[in-house]
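In what follows, a single structure is set out as structure tokens and then discussed.
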Amino acid sequence: MPTENKLNEEILNSIAEGVITVDKTFKVNFINRVAEEIMGYKKDEVIGQFCKYILKCDLCQTKCPIGIVLESGTNLYDYSSVIYNKNGNRKPIKLNAAILKNSDNKPVGGVISFRDVSELENIKQGANLISNFFGIIGHSKAMQEVFKLIMEISESDATVLILGESGTGKELIADAIQATSNRKNKPFLKVNCSVFPQNLLASELFGHVKGAFTDAVKDRPGRFELANGGTIFLDEVAEMPLQTQIQLLRVLQEGTFERVGESITRKVDVRVIAATNIDIQKALKEGKIREDLYYRLNVIPISIPPLRDRKEDIPHLVKHFIETYSKLYRKTIPDISDNALELLMKYSWPGNVRELENVIEYAVVRTKNDNMIEISNLPSLIKDLSNGPLLSKKIFRNENAATVLSLLEKYKWNKTRVAKELGIGRTTLWRMLKQFDLVEK
Amino acid sequence: MSEMLGNQYFLSRNFSKAKEAYEKVLESEPENDFIKKRLIICHTQTGEIKKAFELFYEVVKRNIELITKTDIVADDCPCPELISRYGNIKPDEECSYDSKLMLGILWLYCSIEKSFEFFDALAAEEDSDIKIKEIRDLIKEKINQSKVHYS
């Protein structure tokens with residue numbers, strides 16, 4: 001009955017799932033519009049063809065969906081599978097399969113209905129992003145790449161050089177590298193090369209013997225000896241004096257060193273993770289860092305993007321810090337208002353994640369219990385963004401000491417540069433430092 | 001077991017399961033030539049050459065075109081791949097009687113001339129079955145008919 005067939009066709013074309021029917025020889029005798037769209041075939045190209053050459057579903061290669069129904073006598077529902085369309089593109093689908101029977105209850109055909117679940121898969125993949133990688137929050141592609149790289153190098157003992165601006169979380173990255181490595185249960189020592197006076201750094205790293213220098217009242221092992229078998233994190237490695245750089249190079253190349261004031265060569269097995277926030281190429285040109293050491297350190301470089309380049313991470317970081325500081329200050333701060341978050345998204349975050357953390361801590365302290373963080377709870381530096389230019393002279397009040405500090409750290413306490421960044425004179429900055437009781441350590 | 005299930009097994013080249021299903025269906029539908037045609041192939045692949053030939057003989061005697069008019073692509077016929085799996089043996093090459101018989105049967109689905117070569121070689125053997133000679137003659141007759149038709 002042509003009219004009835006036409007009606008059936010209309011019905012099948014009106015549904016949102018792809019539908020293919022086959023006769024008892026498994027040749028396609030009907031395909032609806034959605035199936036044409038999903039598979040990229042036109043009706044004329046598929047009618048009369050064996051379905052296994054059209055549907056190209058992964059199940060067809062092992063066990064035909066209709067075959068499963070024929071064997072088991074039970075229809076398939078929402079079976080996850082994958083098809084390859086006419087152009088060879090992979091499409092995840094959910095399929096149903098059923099048998100069509102005649103009046104004698106004999107199978108005379110089959111029907112496969114399916115829907116494209118590519119979007120759902122994409123969403124799921126998004127949900128599978130590593131949102132908290134050993135305490136590092138990063139949904140952005142750049143951070144996901146960093147996490148992926150850390151996982152990839154987990155079997156390796158190779159030296160890692162972490163590059164990133166101040167406040168980007170280099171130490172957290174080092175922690176993650178150590179925690180995922182084969183040496184995770186071995187000693188892990190951290191040394192900030194910039195905090196030791198130049199003449200003491202070598203002693204700190206390699207140890208000394210009694211009498212090596214005035215204060216060397218007894219033999220003392222260095223950090224490398226203490227970290228033997230494990231890992232050492234050398235933060236601010238570019239601040240290391242050139243003489244110590246040579247000693248470090250030798251440890252990296254041969255695993256040997258001598259304590260200060262001693263001629264006995266000692267051997268250690270220490271994995272080195274180094275970090276710096278300076279422009280390494282510039283430091284090389286200026287001769288602040290030895291080229292041979294740089295190449296030894298730069299076996300696996302990991303660059304952490306500044307927060308301004310991955311602003312999509314800000315909402316996740318904000319949420320994380322709100323949770324952290326709500327617990328710390330025993331408050332219930334459910335969220336941040338859209339307006340306040342919008343403002344945070346506008347800011348350039350020169351102090352990176354550390355600065356954001358300080359801002360959220362400040363805001364949590366300033367927000368009343370059970371309230372959301374509003375613009376009014378943010379530090380003036382951020383608040384003023386909603387009123388006009390970012391860095392005006394009037395922004396400085398007591399509450400933005402953290403921001404000033406982060407700028408000072410960023411520019412290594414170069415007050416001229418900090419003052420320039422803030423758009424104020426050096427004298428004003430000096431007054432502020434005095435007011436905030438900020439002194440260089 | 002249904003014909004459709006047999007078809008599914010046949011398409012996935014599971015010849016022993018397809019044979020099982022087709023044999024079951026033939027019990028209730030003894031005139032189903034579509035199944036018989038496929039069952040012949042299944043028997044050749046399950047080592048039952050005699051059974052295959054008996055059915056083949058019956059079908060060819062009745063209507064040789066049921067086999068010769070096979071559309072290799074449209075019917076998803078497995079014969080070319082099965083023949084090549086045996087290394088494209090020639091009729092005059094050293095091989096067992098059963099192998100030649102199997103290839104003669106399978107070739108009829110794809111090339112009537114090739115099939116004739118095998119049945120002609122089999123018929124020339126000393127203890128050749130009369131049925132083999134009959135098949136050879138039927139194939140020869142069909143080839144001649146085609147030549148007349150196209151001349």
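Owing to the predicted nature of the structure, the values given are computational and were not obtained by experimental measurement. Order of the sequence lines fixes the chain letters, A, B, ..., with proteins taken first and strands second; residue numbering starts at 1 for each chain.
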Legend entry - Interface moiety of V108(A) toward chain B, non-hydrogen atoms closer than 4.5 Å: backbone
Inset, instruction - Report yes or no: does K24(A) contribute a side-chain atom to a donor-acceptor pair with the main-chain N or O of N7(B) at less than 3.5 Å? - result: no
Inset, instruction - Give a yes or no on this: more than 12 heavy atoms of other residues, nucleotides or ligands lie within 6.0 Å of atom NZ of K311(A). - result: yes
Legend entry - Atom group of A21(B) that falls short of 4.5 Å from chain A, counting heavy atoms: neither
Inset, instruction - Calculate, to the nearest 0.5 Å, the distance between atoms NZ and CG belonging to K27(A) and D75(B) respectively. - result: 5.5 Å
Inset, instruction - Give, for atom CD1 of I99(A) and atom CE of M4(B), the distance between the pair rounded to the nearest 0.5 Å. - result: 4.5 Å
Legend entry - Side-chain heavy atoms of F26(A) within contact of D76(B), under 4.5 Å: no
Inset, instruction - Heavy-atom distances under 4.5 Å only: say whether F10(B) touches chain A with side chain, backbone, both or neither. - result: neither
Legend entry - Gap between atom CD of E29(B) and atom NZ of K106(A) - 0.5 Å precision: 4.5 Å
Inset, instruction - Evaluate whether atom NZ of K91(A) has more than 12 neighbouring non-hydrogen atoms of other residues, nucleotides or ligands under 6.0 angstrom away. - result: yes
Inset, instruction - Taking all heavy atoms of F50(A) and all of V73(B), pick out the closest pair and write down the distance. - result: CE1-O, 4.0 Å
Legend entry - Over 12 non-hydrogen atoms of neighbours within 6.0 angstrom of NZ in K186(A): no
Inset, instruction - Look up atom NZ in K101(A) and atom OG in S2(B), then write down how far apart they are to the nearest 0.5 Å. - result: 8.5 Å
Legend entry - chain B contact via Q49(A) - which portion, at a heavy-atom distance below 4.5 Å: neither
Legend entry - Spacing of L70(A) atom CG and E3(B) atom CD [to the nearest 0.5 Å]: 11.5 Å
